[in-house]
There are 2 protein chains.
Amino acid sequence: MQSEALSRLIAAFRRLPAVGQKSATRYAYAILDMADAEAEEFANAVLTAKAVIHFCKECGNYTDTEVCEHCRTADKSVICVVKEPRDILAFEKMGGYNGLYHVLGGSLDFQKGITAENLRIKELLTRLDGVQEVIIALDPDVSGEMTAVYLSQILKPLGIKVTRLAHGIPMGSEIEYADEITLMRALSDRKTI
Amino acid sequence: MQSEALSRLIAAFRRLPAVGQKSATRYAYAILDMADAEAEEFANAVLTAKAVIHFCKECGNYTDTEVCEHCRTADKSVICVVKEPRDILAFEKMGGYNGLYHVLGGSLDFQKGITAENLRIKELLTRLDGVQEVIIALDPDVSGEMTAVYLSQILKPLGIKVTRLAHGIPMGSEIEYADEITLMRALSDRKTI
């Protein structure tokens, strides 16, 4: 009964992260309800973003210039290594960090066949001139931890300080609800006050 | 720091219903992460849907033909009056209803300036040939109830049976959590078993 074009639009929305059939249908109807000009602007925003935005050839973040503005203006003595461009967003929202970023494009995962060759590690090694510290900000899972250890083994012999983000009880949460691994980490990393 | 094109894409997603800054950003990054062909397909699905889909000149539902398939094949002795095209989706998903639909395009709301003139009531009156029952399936709020009463006052004198959907405790819910108005409605509409 449903129009082919409508089914196709719903299918398009379903390819977005965490969008199920219900939300996709709701979004598709919202598009149909829009004025033509508004829907065109929507489609154009998608096409323009894809046409204009690419990876910064230095840090690997999304940018619309050859080298992103951040790479041009940041403090070049420190590099923060992240998994994906969207992780940089979290730092930028936080504010207060003014060093470089470096997008790895993933983390080591031998089960998924992701080896050091698939990550932007070579590119990281070309950016170490004048760098005193590499902060590893990968997700605290097996794959992230393994990648962190791997990177530190490469970087430490070069005389660069390698750090990782602190793990522990998240601010504003309750200790009662902390999982055991987080609690164990918070205990072993405890600080003198 | 953020690319103009990315901000514009996030703003486009924010115009979808119940999409906040966080989801819109996530969707925008998903578009950037897509292959070019996939993003083009996404944009084309939007443009094609807007170009091809319009209102059925009979029932007012979205369709890509002049008169929608449902209007051509349905049982023409009963019409179900709904507020918006998406309400028809719920009936179609339910299955088991084979009558006509009629999209009113809203419900009476004098505060918002929506009068009978703004609704597809004239169009409804031209479709009554052979119709024995009009089922009113408007939202059970003040505006929907008022519109239901208004329609029944027009339709009853024409010798057409006018019904509305039953109100009551939703299936699978707990009476404990029913709001007072629903509970009162369920009590006054109680049925002999």
Side-chain angles (χ1 to χ4, degrees), chain A residues 1-13 15-19 21-55 61-65 68-70 73-74 84-86 88-89 92-93, chain B residues 1-13 15-19 21-55 61-65 68-70 73-74 84-86 88-89 92-93:
Chain A
M1 230 26 131
Q2 196 173 69
S3 149
E4 166 72 27
L6 180 56
S7 306
R8 203 178 130 207
L9 183 56
I10 293 171
F13 276 116
R15 284 194 287 270
L16 296 176
V19 173
Q21 185 68 19
K22 217 163 177 170
S23 296
T25 304
R26 201 169 171 199
Y27 296 160
Y29 272 84
I31 294 287
L32 294 178
D33 290 344
M34 281 179 185
D36 283 351
E38 197 180 355
E40 266 167 43
E41 156 60 20
F42 187 94
N44 281 335
V46 170
L47 295 174
T48 306
K50 283 302 281 183
V52 161
I53 299 175
H54 49 83
F55 294 117
N61 191 10
Y62 287 120
T63 179
D64 54 7
T65 48
C68 76
E69 197 186 330
H70 192 87
T73 58
E84 288 173 344
R86 68 196 71 186
I88 295 177
L89 262 193
E92 291 294 286
K93 218 156 67 185
Chain B
M1 229 26 136
Q2 195 173 71
S3 148
E4 166 72 26
L6 180 55
S7 306
R8 203 178 129 206
L9 184 56
I10 294 171
F13 277 115
R15 284 195 286 270
L16 296 176
V19 174
Q21 185 67 17
K22 218 163 176 171
S23 296
T25 304
R26 203 170 170 199
Y27 296 161
Y29 272 85
I31 294 287
L32 294 178
D33 291 343
M34 281 178 183
D36 282 352
E38 196 180 355
E40 266 166 45
E41 155 61 18
F42 187 94
N44 281 336
V46 170
L47 295 173
T48 305
K50 282 302 282 186
V52 161
I53 300 174
H54 49 84
F55 295 116
N61 191 11
Y62 287 120
T63 180
D64 54 6
T65 47
C68 75
E69 199 187 328
H70 190 86
T73 59
E84 288 173 346
R86 68 196 71 185
I88 294 177
L89 262 194
E92 291 295 285
K93 219 155 66 187

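Here is how names work: the chains are called A, B, and so on, in the same order as the sequence lines, proteins then strands, and each is numbered from 1.
Most heavy-atom pairs under 4.5 Å with chain B, from the set A/Ala51, A/Ala49, A/Ala30: that is A/Ala49. Among B/Thr63, B/Leu47, B/Leu89, B/Leu6, the residue with the largest count of heavy-atom pairs under 4.5 Å with chain A is B/Leu89. With respect to chain B, the highest number of heavy-atom pairs below 4.5 Å among A/Leu32, A/Ile53, A/Asp64 belongs to A/Leu32. The candidate with the highest count of non-hydrogen atom pairs below 4.5 Å against chain B, out of A/Ala18, A/Ser23, A/Pro17, A/Ala39, is A/Pro17. In terms of heavy-atom pairs under 4.5 Å with chain A, the best-connected choice from B/Glu84, B/Glu40, B/Arg15 is B/Arg15. The most heavy-atom pairs under 4.5 Å with chain B, out of A/Glu41, A/Arg86, A/Lys50, A/Glu38, come from A/Lys50. Chosen from A/Val19, A/Asp36, A/Asp33, the residue pairing most often with chain B at heavy-atom distances under 4.5 Å is A/Asp33.
Atom CZ of B/Arg26 has 12 or fewer heavy atoms from other residues, nucleotides or ligands within 6.0 Å. Other residues, nucleotides and ligands contribute only 12 or fewer heavy atoms inside 6.0 Å of the CD atom of B/Glu4.
With a 4.5 Å cut-off on non-hydrogen atoms, B/Thr65 does not touch chain A at all. B/Tyr29 touches chain A through backbone and side chain together, each having a heavy atom under 4.5 Å away. Of the atoms belonging to A/Phe42, heavy atoms from both backbone and side chain fall under 4.5 Å from chain B.
When all heavy atoms of A/Ala45 and B/Arg8 are compared, the pair lying nearest together is N-NH2, 3.7 Å. For the pair A/Gln21 and A/Thr25, the tightest heavy-atom approach, listed with the atom from each and the gap, is O-OG1, 2.6 Å. Summarising the geometry of B/Phe55 relative to B/Pro85, their closest heavy-atom pair is CE2-CG, 4.4 Å, with the distance given to 0.1 Å.
The shortest distance between side-chain heavy atoms of B/Leu16 and A/Met34 falls below 4.5 Å.
The aromatic rings of B/Phe13 and B/Tyr27 sit perpendicular, their planes meeting at an angle over 60°, well past the 30° parallel limit.
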